[in-house]
*Asks:* 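Here it is, the structure in full.
Indexing begins at 1, ligand by ligand and atom by atom, following the structure's order. Just so it is clear, the values below take in all heavy atoms, side chains as well, and ignore hydrogens, waters and symmetry mates.
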Amino acid sequence: MKIAILASGNGSNAEALMHFSAKNQKLVEVALVLTNKKDAGVIKRCQRLGVASGFFDNEKELLLKLNDIKPDWIFLAGFMKILSAEFLNNYYDENLKINRVINIHPALLPLYPGLNSYERAFVDSVKEGGVTIHLVDNGVDSGPIIIQKSFPRLESDSLDDFKKRGLSLEHKMYTQVLEKLAKGTLELPHGN
Ligand code: GRF
């Protein structure tokens, strides 16, 4: 199975996926990582791990670059742009009736969609934080949910502790979803 990753920032989730594919080359290849931010940390991670990366300015360019490698799936990993319905149509699977695009979100959706979810949950003194992995539609963090997990917020937690616990859960969950998808054992939600 071949995937492409879209990322806009630090790239720790992208790195977790790249590590998994490096260790499981027969199962999955991260063929390309694309970013819409020229100075995104994810680029250095790709260089360090020997994974092809590139920049795109708009969806037309994005599509052209993806067409060169024809990924089976696109994984969004800290990708800070909403993909248009027109773009997503290119990744619509007629048999599965879903877009072959997956996102990870740092909250128990539908709670805290959008930006700064860990921060907002922390300020609200939630008892637990969460992570959601979902199929992408053209709304904001609104596609059908694949898996959700919560993690505790400890009384002694600083925001940084809380975020670190969440991110480490993200890395585990995203890798597991990638593995199951590649093995054909992932239960996918129905249609958008
Ligand atoms: C993660 O919390 C992810 O869920 C969210 O943005 C953050 C990206 O972190 N969408 P990283 O770039 O993968 O380190």
*Asks:* For atom 10 (N) of ligand 1, what's the nearest protein heavy atom and its distance?
*Replies:* Ile104 O, 3.4 Å

*Asks:* Are a donor atom and an acceptor atom from the side chains of Ser53 and Gln47 found within less than 3.5 Å of each other?
*Replies:* no

*Asks:* Going by heavy atoms, is Ala7 under 4.0 Å from ligand 1?
*Replies:* no

*Asks:* Among all protein heavy atoms, pick out the one at the shortest distance from atom 8 (C) of ligand 1; state its residue, atom name and that distance to 0.1 Å.
*Replies:* Gly78 CA, 3.6 Å

*Asks:* Between the candidates Gly11, Gly41, Pro106, Gly9, which shows the shortest non-hydrogen contact distance to atom 12 (O) of ligand 1?
*Replies:* Gly11

*Asks:* Considering heavy atoms of the protein only, find what lies nearest to atom 14 (O) of ligand 1 and give residue, atom and distance to 0.1 Å.
*Replies:* Ser12 OG, 2.5 Å

*Asks:* Quick one: nearest non-hydrogen protein atom to atom 9 (O) of ligand 1, plus distance?
*Replies:* Asn13 ND2, 4.0 Å

*Asks:* Flag yes if more than 12 heavy atoms outside Lys37 fall under 6.0 Å of its NZ atom; otherwise flag no.
*Replies:* no

*Asks:* Looking just at side-chain N and O atoms, do Asp141 and Tyr112 make a donor-acceptor pair shorter than 3.5 Å?
*Replies:* no

*Asks:* Nearest heavy-atom pair of Ser21 and Val28: which atoms, and what distance?
*Replies:* CB-O, 3.3 Å

*Asks:* Among all protein heavy atoms, pick out the one at the shortest distance from atom 1 (C) of ligand 1; state its residue, atom name and that distance to 0.1 Å.
*Replies:* Glu170 OE1, 3.1 Å

*Asks:* Under 6.0 Å from the NZ atom of Lys180, do we count more than 12 heavy atoms belonging to anything else shown?
*Replies:* no

*Asks:* Verify the distance criterion only: is there a donor paired with an acceptor across the side chains of Thr132 and Gln148 at less than 3.5 Å?
*Replies:* yes

